[in-house]
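This is a predicted model, so every value here is computed, not measured.
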Amino acid sequence: MGYISELANPKEKKETLPIKHLEASEYSGSQVDMITIGDSFSNGGGGGLNPYFQDYLATKTGMNILNLSNYQEKTRSYIETVYLLGNNGFLEQKGVKYILLESVQRKVTQRFVTQVNKEINDKIENINKFYKFNTHNVLSSKRVETKNVNYVPITPFINNGNVKFVLYNILYNFSDNGYLSQVYKTKISKNLFSLGDRDLIFYKNDLARINQSNIKNFEIINKNLNELAQYLEKKGIKLIFMPAVNKFDLYSSYIVNNKYPHDKFFELFETMKKEYIFVNAKEVLSKKLEAGVKDVFHVDDTHWSYKASDAITDKIVNLINKKEYKN
């Protein structure tokens with residue numbers, strides 16, 4: 001991020017948990033307890049040790065968990081994808097008990113405030129074709145391990161990256177985002193990463209989209225989610241909504257001389273009357289920071305680490321078991 005070489009922390013993807021979730025290519029059509037739909041946080045985007053939160057959830061609950069992408073052939077949002085899978089009988093056919101929708105905080109409004117077509121539908125065979133389900137393998141709770149192959153593209157010595165590396169590292173001395181970078185670099189009051197001298201780097205859109213965290217947007221989003229929850233409830237399915245907290249928002253209270261606006265996302269969302277299970281990732285992970293846990297997020301990335309996945313899935317299990325989601 002931001003060509004800040006002193007914070008670069010290469011990570012080898014390693015999966016050690018005994019029970020793993022299933023990707024579409026591994027799914028043979030058997031019964032599924034939970035379907036997850038989300039962005040890079042749901043797709044192992046952070047890399048490193050056990051990058052999928054679903055694997056922690058599968059290990060702790062024994063559930064068969066299937067991770068699906070948004071059905072982009074016909075739908076405009078994660079919510080419409082769920083309606084489509086429900087309308088054509090897929091969810092009931094597979095015995096699904098939970099749907100977990102995840103989105104990084106800064107993109108929640110973009111993804112969930114749109115008008116929803118509740119009647120959207122498609123044929124089961126089209127669903128199978130889109131997701132490319134593997135109908136030849138037996139459903140297994142243990143994924144076959146594959147080795148990572150790192151592809152390094154051949155680039156000339158003089159290239160755009162080299163220019164940015166030199167330029168940004170000069171300009172970061174005068175501006176938190178080097179005037180031109182997509183990444184901000186600032187200091188925090190507590191050493192919460194294994195690398196760096198109390199350095200925090202985060203993505204500029206964590207700030208740029210704070211103005212979207214408002215009651216007007218959240219009332220629409222909450223209405224869409226409540227209506228989906230009601231629809232799923234009739235099929236015996238519980239809806240779980242898990243916004244992945246922005247790195248900036250999580251660490252903002254530790255920023256030295258913080259001059260940036262406060263993101264009220266989780267504060268405002270907590271005021272909504274919900275008919276679905278809401279996972280307050282910021283609340284869960286803030287407790288880890290307060291306890292001095294390092295590397296809850298990767299120092300050089302916008303994604304959380306296995307430590308966050310472990311903590312958040314504990315909360316999900318608790319919410320499911322105790323049904324604390326009723327507001």
Going by an N to O cut-off under 4.0 Å, is there a salt bridge joining [X] and [Y]?
X      : Y      : value
Arg209 : Asp263 : no
Glu233 : Lys235 : no
Lys20  : Glu26  : no
Glu125 : Lys129 : no

Is there a donor-acceptor pair closer than 3.5 Å between any side-chain N or O of [X] and the backbone N or O of [Y]?
X      : Y      : value
Asn224 : Phe112 : yes
Asn217 : Gln212 : yes
Tyr131 : Ser69  : yes
Glu80  : Asn117 : yes
Gln105 : Asn246 : yes
Asn258 : Ser252 : yes
Lys94  : Gly89  : no
Asn64  : Met34  : no

ask   = Got more than 12 heavy atoms from elsewhere within 6.0 Å of NZ, Lys288?
value =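 Open: at most 12 neighbouring heavy atoms sit under 6.0 Å from NZ of Lys288.
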ask   = Taking atom NZ of Lys264 as the centre, does the number of heavy atoms from other residues, nucleotides or ligands within less than 6.0 Å exceed 12?
value = no
Is it the case that the side chains of [Y] and [X] hold a donor-acceptor pair, with the cut-off being a distance below 3.5 Å and no angle test?
X      : Y      : answer
Asn43  : Asn67  : yes
Thr75  : Thr81  : yes
Asn280 : Glu270 : yes

Looking only at non-hydrogen atoms, find the nearest pair between [X] and [Y] and report the distance.
X      : Y      : result
Thr36  : Gln54  : OG1-NE2, 3.2 Å
Ile237 : Leu91  : CD1-CB, 3.8 Å
Tyr276 : Leu239 : CB-O, 3.5 Å
Val279 : Pro243 : O-CD, 3.6 Å
Thr302 : Phe297 : O-CE2, 3.1 Å
Lys282 : Val245 : CB-CG2, 3.8 Å

Test of ring centre spacing under 6.0 Å for [X] and [Y]:
X      : Y      : result
Phe218 : Phe265 : yes
Phe41  : His303 : yes
Phe130 : Tyr71  : yes
Phe269 : Phe278 : yes

request  = Output, in order, the C-alpha distance, side-chain angles, deciding distance and verdict of side chain to side chain donor-acceptor pair (under 3.5 Å) for Arg111 and Ser77.
outcome  = CA-CA 6 Å; Arg111 289 170 172 157; Ser77 67; over 6 Å; no
Find the distance between [atom1] ([X]) and [atom2] ([Y]) and round it off to the nearest 0.5 Å.
X      : Y      : atom1 : atom2 : value
Gln110 : Ile221 : CD    : CD1   : 11.0 Å
Lys97  : Gln31  : NZ    : CD    : 7.5 Å
Leu84  : Phe90  : CG    : CZ    : 10.5 Å
Asn121 : Ile127 : CG    : CD1   : 8.0 Å
Ile79  : Leu225 : CD1   : CG    : 4.5 Å
Leu17  : Thr59  : CG    : OG1   : 4.5 Å

Side-chain contact, heavy-atom cut-off 4.5 Å: [X] with [Y]?
X      : Y      : answer
Glu102 : Ile240 : no
Val82  : Leu232 : yes
Ile316 : Leu100 : yes

Side chain to side chain donor-acceptor pair (under 3.5 Å) between Asn205 and Tyr203, worked out = CA-CA 6 Å; Asn205 278 347; Tyr203 184 42; 3.3 Å; yes
Verdict with supporting geometry, Asn134 and Ser25, side chain to side chain donor-acceptor pair (under 3.5 Å) = CA-CA 5 Å; Asn134 187 346; Ser25 61; over 6 Å; no
task = Quick one: do Val256 and Thr186 satisfy side chain to side chain contact (heavy atoms under 4.5 Å, CB included)? Show the steps, please.
result = CA-CA 8 Å; Val256 176; Thr186 188; 6.0 Å; no
inquiry  = Is the ring pair Tyr260/Tyr184 parallel, tilted or perpendicular, if the boundaries are 30 and 60 degrees?
reply    =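 The arrangement is perpendicular - the two ring planes meet at more than 60°.
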ask   = What class does the angle between the rings of Tyr52 and His21 fall in, given that below 30° is parallel, 30 to 60° is tilted and above 60° is perpendicular?
value =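 Taking His21 first and then Tyr52, their aromatic rings sit tilted (interplane angle of 30° to 60°).
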Test log, rule side chain to side chain donor-acceptor pair (under 3.5 Å), inputs Asn87 and Glu119 = CA-CA 7 Å; Asn87 290 340; Glu119 307 303 321; 5.4 Å; no
ask   = How far apart are the C-alpha atoms of Phe202 and Tyr251, what are their side-chain angles, what is the distance that settles it, and do they pass the ring pair (Phe, Tyr, Trp, His ring centres under 6.0 Å) test?
value = CA-CA 10 Å; Phe202 59 89; Tyr251 289 88; 9.7 Å; no
request  = Give the C-alpha distance, both sets of side-chain angles, the deciding distance and a yes or no for side chain to side chain contact (heavy atoms under 4.5 Å, CB included) between Leu85 and Val96.
outcome  = CA-CA 11 Å; Leu85 295 175; Val96 177; over 6 Å; no
key: Criterion salt bridge (charged side-chain N to carboxylate O under 4.0 Å, His left out) against Asp176, the qualifying member of Lys185, Lys204, Lys259, Lys187   =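 Of the listed residues Lys185, Lys204, Lys259, Lys187, the salt bridge (charged side-chain N to carboxylate O under 4.0 Å, His left out) partner of Asp176 is Lys259.
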task = Among Asp249, Asp206, Asp39, find the residue that satisfies the salt bridge (charged side-chain N to carboxylate O under 4.0 Å, His left out) test when tested with Arg106.
result = Asp206
Could you list the donor-acceptor pairs under 3.5 angstrom formed by side chains in residues 305-313, with sequence neighbours left out?
unit_1: Ser305; atom_1: OG; unit_2: Asp295; atom_2: O; d: 2.6
unit_1: Ser305; atom_1: OG; unit_2: Val296; atom_2: O; d: 3.1
unit_1: Ser305; atom_1: OG; unit_2: Lys307; atom_2: N; d: 3.2
unit_1: Lys307; atom_1: NZ; unit_2: Lys294; atom_2: O; d: 2.9
unit_1: Ser309; atom_1: OG; unit_2: Trp304; atom_2: NE1; d: 3.4
unit_1: Asp310; atom_1: OD1; unit_2: Lys60; atom_2: NZ; d: 2.6
unit_1: Thr313; atom_1: OG1; unit_2: Lys60; atom_2: NZ; d: 2.9
unit_1: Thr313; atom_1: OG1; unit_2: Ser309; atom_2: O; d: 2.7
unit_1: Thr313; atom_1: OG1; unit_2: Asp310; atom_2: O; d: 3.0

